[in-house]
Structure formats: C-alpha cells, structure tokens
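Here is how names work: the chains are called A, B, and so on, in the same order as the sequence lines, proteins then strands, and each is numbered from 1. Basis for what follows: all heavy atoms, side chains included, without hydrogens, waters or symmetry-related copies.
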Number of protein chains: 2
Amino acid sequence: MLEVRHLRTLIALAEAGTVSRAAERVHLTQSALSHQLKALEAHYGVAMVRRHGQSVKLTEPGQRLVTLARTVMGEVRTAERDLTKLVRKPAGTLRIVLECHTCFDWLMPIMDAFRKHWPEVELDLVSGFHPNPLALLADNKTDLVIGSENKPRRGIVYHPLFRFEVLAVMPTDHRLKAKRYLAASDFAKETLITYPVPEERIDLIRRVLKPAKIHPRRRTTELTVAILQLVASRRGVAALPNWGIKNYVDYGYVIARRIGKSGLWSNLYGATTGEVARLPFVRDFLETARRECFAKLDGVVPVQ
Amino acid sequence: MLEVRHLRTLIALAEAGTVSRAAERVHLTQSALSHQLKALEAHYGVAMVRRHGQSVKLTEPGQRLVTLARTVMGEVRTAERDLTKLVRKPAGTLRIVLECHTCFDWLMPIMDAFRKHWPEVELDLVSGFHPNPLALLADNKTDLVIGSENKPRRGIVYHPLFRFEVLAVMPTDHRLKAKRYLAASDFAKETLITYPVPEERIDLIRRVLKPAKIHPRRRTTELTVAILQLVASRRGVAALPNWGIKNYVDYGYVIARRIGKSGLWSNLYGATTGEVARLPFVRDFLETARRECFAKLDGVVPVQ
DNA sequence: GAATATTGTGAATATCATTCATAATTCATG
DNA sequence: CATGAATTATGAATGATATTCACAATATTC
C-alpha cells in the first residue's frame with residue numbers, strides 16, 4: 001500500500017540520482033530504500049527505476065509517482081502550516097545573521113517563500129560584520145545564525161543545513177588549469193580574493209593554507225560577482241562554494257578546481273537558542289531551507 | 001509522522017460520524033482508530049475530534065486535515081490510474097447487468113465518472129429483465145452483475161458493495177403512520193407497489209411476507225418516481241431502499257417506516273468472473289462505486 | 001436503571017519496516 | 001584485466017510500531 005514514506009523516498013531518489021544518496025537524505029539505510037522500492041514495484045507490478053550503470057533513472061511510472069509525491073508533499077506542508085496557525089496565531093520575529101557571505105545567494109528566494117507562508121512573522125536580516133555572531137543569540141540580538149560553526153555551547157542548538165564543496169576559482173587561462181586539484185603550495189604565489197572578513201572565517205586559509213604555513217597576498221571585496229570579475233580578469237584566485245559559481249563555470253567565464261585530493265568541504269548550520277528552536281515558523285524556515293537547497297543547489301549533500 | 005493511513009481514517013471518520021463505523025469502513029478495529037487518532041493529536045498537539053455525545057465531530061484542525069486527505073486521496077487515485085494505463089493500454093468493455101431496479105439511481109453518476117477516467121473502455125448497460133443474471137456471466141454475455149445474490153458458485157467472484165435498509169413507504173396519512181415499525185401482518189390488507197419483477201426478487205415478499213404466508217395485492221410499475229407517485233396518492237405501499245426515498249421523505253411527500261423491529265436489510269454485491277475481476281478498470285469501477293455510495297448515499301453501511 | 005452503544009487505554013500480539021551482513025554488480029585505473 | 005572503490009540487491013535478524021484484545025469508562029435508549 002502506498003504511504004507517504006514511499007513518496008518521500010521517491011522524491012529523494014529523483015533528486016539524489018542514486019539510492020545511497022537518497023537514503024542519506026531521508027535518514028535511512030540504502031537497504032531500506034532498496035526494500036521500499038522493491039515493495040512498490042511489486043505492488044504496482046512496474047519497475048520504478050532503471051539502473052543506468054552507476055546511477056538510477058526513474059522509469060515513466062516512477063516519474064508519475066514522483067510528480068504525485070511532489071504535489072502531495074506540498075499539500076501536506078501547507079496543511080501542516082495551517083494547522084500550527086490554527087493552534088495559535090504565531091506572530092513573532094525572525095532575525096537572521098549570516099556568517100557566510102555567499103549564503104545571500106540561496107537565502108533570498110527562501111526568505112521570499114517564507115514571507116508568503118508566514119506574513120505575520122517579521123523577517124529581518126541583521127547585516128554587517130559581527131566578531132562573534134553566536135554571542136548575539138544569547139544576548140537576544142538575533143534569533144538565527146547561519147554559519148559553519150557547530151561547537152557545542154550551552155543554550156545553543158545547531159540545525160544542520162547542508163554540506164558543500166569549496167572550489168578554487170581561476171581565470172580560464174591560469175597556469176594551473178591542467179591540474180585536477182590544487183595543493184596548498186599552489187596558492188603560494190597567488191593573490192587570494194576574498195570577502196572582507198578575518199582570516200579565521202575563510203575556510204581555505206584556516207584549514208588549508210595556515211596549517212601549511214602559506215600566506216598568499218589578499219584582496220577583498222563585498223560581492224560574489226565582484227570576486228568573480230576580479231578572477232576572470234586575472235587579478236587573483238578565489239575559493240567559493242561550488243553552487244555559487246556553477247553558472248559562471250558552465251558559461252566558461254572562469255574555471256574551478258578541487259582543493260586537495262578529496263576536496264575542501266564545509267558544513268552549514270543554523271544556530272538558535274533552545275527556545276527559538278521550538279517555534280513552529282523557525283522549524284519551518286529551517287526545513288524549507290534544507291529542502292530547497294538540496295533541490296536547487298548543485299553538489300549539495302547532507303551534513304556528514 | 002503523517003501517513004496515508006491516517007488520511008484514510010480521517011476521511012472515514014468524517015463520513016461515518018463515529019469511530020466504530022469509520023473503523024468498519026477501513027477494515028480495522030475501533031481500537032486501532034482510537035490509537036491512530038491519539039497519535040495524530042499527540043503529533044500535532046491539537047484535538048482532531050470533539051466528542052459530541054454519541055457522535056464525534058471534527059475540530060477545525062481535523063477538518064483541515066480531512067480536506068487535505070480528500071485532495072491527496074484523489075490525486076493518489078488518478079496517479080494509480082495513470083500507472084495502470086502506462087503498463088498497458090487497457091482497452092476493453094464493461095457490460096453491466098442490474099438485478100436491482102433502484103440501483104439506476106446511484107449507478108448513473110458513477111458511470112459518468114468512469115467514462116471520464118477510462119475513455120478507452122466501452123461501457124454498456126445491459127437492460128431488460130433476466131431470469132438468471134449470473135448465468136450471463138458464465139456465457140460471457142455480460143461482465144458485471146449488480147445484485148444482492150452472493151451464493152458461492154464456481155468461477156464467480158462477489159465483490160461486496162454496501163448494505164442498506166429497505167423501508168416501507170406509505171402515504172403521509174396512512175392508518176399505520178403511528179407505528180415505529182411494521183410487522184408482516186400489517187401488509188395483509190395493503191396493495192404492494194413494486195417493480196415488474198418476479199416475487200422472489202422482491203426482498204419484502206421473499207424474506208418477510210412469504211414466510212408469514214401473507215400475500216397482498218400487487219401492482220407494478222417501472223420507475224421509482226412512478227412508485228412514489230402511486231404511494232403518495234394512496235394506491236398502496238412500497239418497499240424501497242432508504243437512500244432512494246430520503247428526499248421524498250424529507251420533503252414530506254411520503255413517510256417511511258422500518259420493516260420488522262430491527263429493519264429489513266439488504267446487501268449489494270458486484271459479481272464477476274475471476275478473470276474479469278483482475279482487470280484494473282473493473283477493480284477501479286467497483287472501488288469507486290463503493291466509495292461514492294458510502295459518501296453520497298444516506299444510511300449505507302459496509303456489508304456485514 | 002438496566003441494557004445497549006460507543007469510546008479510551010494498557011498490555012499482548014502481530015505485522016512490517018529497517019538494519020545487518022554479504023554477495024553481486026558496475027566503473028575507474030594502473 | 002585484475003584490483004579496488006562504490007554502488008545495489010537480498011535474505012535473515014532485528015526492531016519498531018500498528019493493531020488487536022480485554023476491559024473499564026462513558027454515554028444513550030427504552
């Protein structure tokens with residue numbers, strides 16, 4: 001019998017492209033999904049996926065069920081939102097601090113959607129640089145901090161968002177363009193173009209270059225597009241999330257390479273106080289962010 | 001976590017009005033539904049039903065989930081129809097014989113819906129009187145016989161549709177109008193108005209009057225409205241399904257009374273050959289009929 | 001107020017989803 | 001083409017949890 005659980009996994013499967021990945025996303029084992037699929041196929045007497053070498057592709061019936069799943073899950077979500085609103089009008093505010101500059105790119109559409117679903121909730125983006133963003137939570141100066149920090153602290157709850165790869169961005173004719181991936185030493189003679197934040201906030205420096213005692217020149221600018229412009233015009237190289245530069249790379253504006261053999265990966269968390277974490281609209285915000293990012297952003301995987 | 005199963009029971013609950021009835025409909029015990037409800041209410045932290053004396057009424061959140069359930073189940077059904085069509089274009093015919101005259105009333109809308117969902121299937125109503133309709137199945141003269149017969153026969157499968165009460169219909173000023181229910185003897189001096197079919201086909205005669213050796217005068221006519229007209233103008237009494245006369249009774253055109261202390265109940269079955277029973281569109285037809293009748297017809301309950 | 005209907009609940013049971021362990025398969029690579 | 005890494009499939013064991021059972025509590029009807 002078809003259940004919501006099956007719909008969930010079908011969506012995950014459609015978006016992840018492999019059973020194992022999909023399993024991670026719905027917090028089950030690969031085996032569980034395999035069994036679920038088998039049960040579904042037995043029940044309807046049709047193959048839902050076709051193994052195309054490594055990856056799995058949905059068959060036509062599978063596609064049909066995925067579209068069903070998408071609409072159904074959407075309806076379930078709005079119904080559940082209505083439900084929490086019925087319980088108590090959830091007036092409130094949600095003030096967000098971004099530790100990571102690039103996050104603006106994906107956060108905007110999410111905020112737009114949120115405003116539609118929760119018009120009663122005042123949404124605020126606390127901008128500007130903060131030396132210790134998590135302290136703002138305790139001081140009740142903000143409600144949600146989005147960043148890669150997840151050190152346990154009393155009173156603070158971390159909500160894993162997603163995991164992404166940071167790539168080195170270089171001009172198309174760069175001397176290192178032949179390499180599959182860059183080592184720390186490769187950055188020695190380069191100018192590093194970054195956002196104007198302290199070194200500790202830049203993953204590449206903190207986790208790769210500093211341990212290797214390499215200190216390249218730095219040049220800073222505020223906007224992602226500005227960074228890319230500087231890179232394209234050979235003023236230096238940058239390190240940016242793969243989803244932030246995908247379009248520019250596809251277009252041939254710049255090229256991107258791995259950093260280190262297995263890549264430089266970063267986790268993103270939403271941090272709140274325990275109290276805020278319980279607010280229905282906050283939970284909805286985080287859940288929506290997670291879901292939309294997995295669906296829309298390239299190369300994004302679940303945290304750990 | 002919300003599952004399709006919960007949606008099913010919510011719909012059943014909304015339509016049945018009591019937990020026990022709803023349980024019958026989804027083929028579970030009352031206890032199971034009680035637990036399900038409790039789990040749902042715990043999960044969302046809201047009461048879904050409010051006990052209003054005997055019957056249960058859905059709360060506002062409950063209502064919201066029922067509307068969700070209705071749309072979701074509708075989408076699931078069309079998706080499943082699409083699925084079976086994807087497997088193999090199900091061209092075919094569905095010829096229906098009606099053993100019961102009144103059934104026209106509810107069958108028409110069902111047939112209309114069916115034509116929409118399965119335009120490739122030719123739908124046929126085999127009309128006229130047949131002495132032994134079930135024999136037509138074996139002879140492949142028809143595909144589906146709808147009647148109250150369910151004696152086991154080799155090669156024939158019975159699909160329970162629903163159970164309904166047959167009421168005595170009388171003019172508003174009838175001498176027996178004060179009685180709560182009519183005994184067999186009450187019919188002795190009456191003229192019985194029926195459809196033009198043999199006595200064995202008329203439940204009241206076969207199951208009540210004949211055993212009591214009572215043989216009232218009979219007068220026949222083809223249409224339900226004609227029967228009601230005759231009754232209203234004091235030409236006799238009739239025995240008809242409660243759902244077929246509800247409107248006329250509510251309007252004060254005629255009155256209706258139980259037959260016997262616990263009423264005269266009748267079961268309706270769809271009979272097919274085992275082969276036909278496996279055809280997806282036949283299964284869909286029967287399922288739709290069942291569902292729609294439970295939802296739209298008054299006083300209809302599951303078979304046994 | 002007894003008899004009947006229905007609901008709620010904890011414990012027992014049964015069912016079924018999930019995991020575990022492992023074999024089979026595919027793909028990249030030296 | 002052998003090897004290893006990564007994936008999927010599958011049967012058996014496990015675990016979770018939905019359902020039933022048994023019964024108390026409550027409401028309803030005559």
Side-chain angles (χ1 to χ4, degrees), chain A residues 1-10 12-43 46-59 62 180-181 258 261-263 265 299 301-302 304, chain B residues 1-10 12-43 46-59 62 165 178-181 258 260-263 265 299 301-302 304:
Chain A
M1 190 97 291
L2 187 71
E3 288 291 347
V4 172
R5 147 172 41 99
H6 299 121
L7 300 182
R8 270 186 229 286
T9 70
L10 279 174
L13 205 60
E15 286 171 359
T18 103
V19 180
S20 320
R21 293 270 163 107
E24 275 194 332
R25 250 205 240 186
V26 293
H27 303 295
L28 290 174
T29 53
Q30 169 271 325
S31 178
L33 288 225
S34 192
H35 281 294
Q36 277 194 8
L37 267 179
K38 204 181 160 193
L40 262 188
E41 301 190 333
H43 181 247
V46 209
M48 296 298 171
V49 297
R50 177 146 298 147
R51 324 246 139 350
H52 238 97
Q54 194 88 295
S55 65
V56 292
K57 253 191 189 168
L58 288 151
T59 62
R180 296 193 74 86
Y181 61 89
R258 282 221 140 157
K261 185 162 187 183
S262 49
W265 291 82
V301 300
Q304 297 314 6
Chain B
M1 192 95 290
L2 187 71
E3 285 292 345
V4 172
R5 146 174 41 102
H6 299 119
L7 300 182
R8 271 187 229 285
T9 69
L10 280 173
L13 205 61
E15 285 171 0
T18 100
V19 181
S20 322
R21 294 267 163 107
E24 274 193 334
R25 254 207 238 182
V26 293
H27 303 295
L28 288 174
T29 54
Q30 169 271 325
S31 181
L33 289 223
S34 193
H35 281 294
Q36 276 195 9
L37 268 179
K38 205 181 159 192
L40 262 187
E41 300 189 334
H43 182 247
V46 209
M48 296 298 171
V49 298
R50 177 147 297 150
R51 328 248 157 270
H52 241 95
Q54 191 90 298
S55 65
V56 291
K57 254 191 189 167
L58 288 151
T59 62
E165 188 174 1
K179 299 196 80 171
R180 296 195 74 86
Y181 61 90
R258 284 223 137 155
K261 187 165 185 182
S262 49
W265 291 81
V301 300
Q304 298 314 8

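A:Q30 places none of its side-chain heavy atoms less than 4.5 Å from the side chain of A:E24. A 4.5 Å side-chain heavy-atom check between A:M48 and A:L37 finds at least one atom pair inside the cut-off.
Going from atom CZ of A:R50 over to atom P of D:dT8 covers 16 Å, rounded to whole Å. One atom, CD of B:E24, and another, C1' of C:dA5, lie 13 Å apart when rounded to the nearest Å. Whole-Å rounding puts the B:H43 NE2 to D:dT17 C1' distance at 15 Å. One can place CD of B:E3 at 9 Å from P of D:dA18, the figure rounded to the nearest angstrom. To the nearest angstrom, P of D:dT7 lies 14 Å from CG of A:L33. Atom CG in B:L40 sits roughly 13 Å away from atom C1' in D:dA18 (whole-Å rounding). The interatomic distance linking A:R8 (CZ) with C:dT18 (C1') rounds to 16 Å, in whole Å. As a whole-Å value, the separation of A:Q36 CD from C:dC16 P is 14 Å.
Across C:dT18, D:dT7, D:dA18, the shortest atom-to-atom separation from the side chain of B:R5 is found for D:dA18. Listed nucleotides: D:dT19, C:dT19, D:dT10. Nearest to the side chain of A:T29: C:dT19. When the nucleotides D:dT19, C:dG8, D:dA12 are ranked by their closest atom to the side chain of A:H35, D:dA12 comes out on top. Which of C:dT7, C:dT18, D:dT19 sits closest to the side chain of B:V56 comes down to C:dT7. Closest to the side chain of B:S31, from the set C:dT18, C:dG10, D:dT8, is C:dG10.
There is a side-chain donor-acceptor pair under 3.5 Å between A:T9 and A:Q36.
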For this session: Please lay out, stage by stage, how B:M1 and A:R8 fare under the test side-chain contact (heavy atoms from CB on, under 4.5 Å).
Result: CA-CA 12 Å; B:M1 192 95 290; A:R8 270 186 229 286; 3.3 Å; yes
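No more than 12 heavy atoms of other residues, nucleotides or ligands shown are found within 6.0 angstrom of CZ on A:R21.
Searching all strands for a Watson-Crick or G-U wobble partner of C:dA5 with both distances below 3.5 Å returns nothing. Checking D:dT26 for Watson-Crick or G-U wobble geometry (two distances, each under 3.5 Å) identifies no partner in any strand.
Here D:dA18 is in the anti range [glycosidic angle more than 90° from 0].
At D:dG11, one or more side-chain N or O atoms of A:K38 fall inside 4.0 Å of OP1 or OP2 (strictly under the cut-off). The side chain of A:S34 places an N or O atom within less than 4.0 Å of a non-bridging phosphate oxygen (OP1 or OP2) of D:dA9.
Nucleotides of DNA chain C nearest to A:A39 and B:V49 differ in position, and the one nearer the 5' end is that of B:V49. Summary of the strand contacts: A:H27 and A:R180 both lie near DNA chain C, and taking for each the nucleotide with the nearest heavy atom, the more 5' one is attributed to A:H27.
Taking CZ from B:R5 and CG from B:L10, the interatomic distance works out to 12.0 Å, rounded to the nearest 0.5 Å.
Within 4.0 Å (heavy atoms only), A:T18 reaches sugar-phosphate atoms of the nucleic acid but no base atom.
The base of D:dA9 sits within donor-acceptor range of the side chain of A:Q30, with an N or O pair under 3.5 Å.
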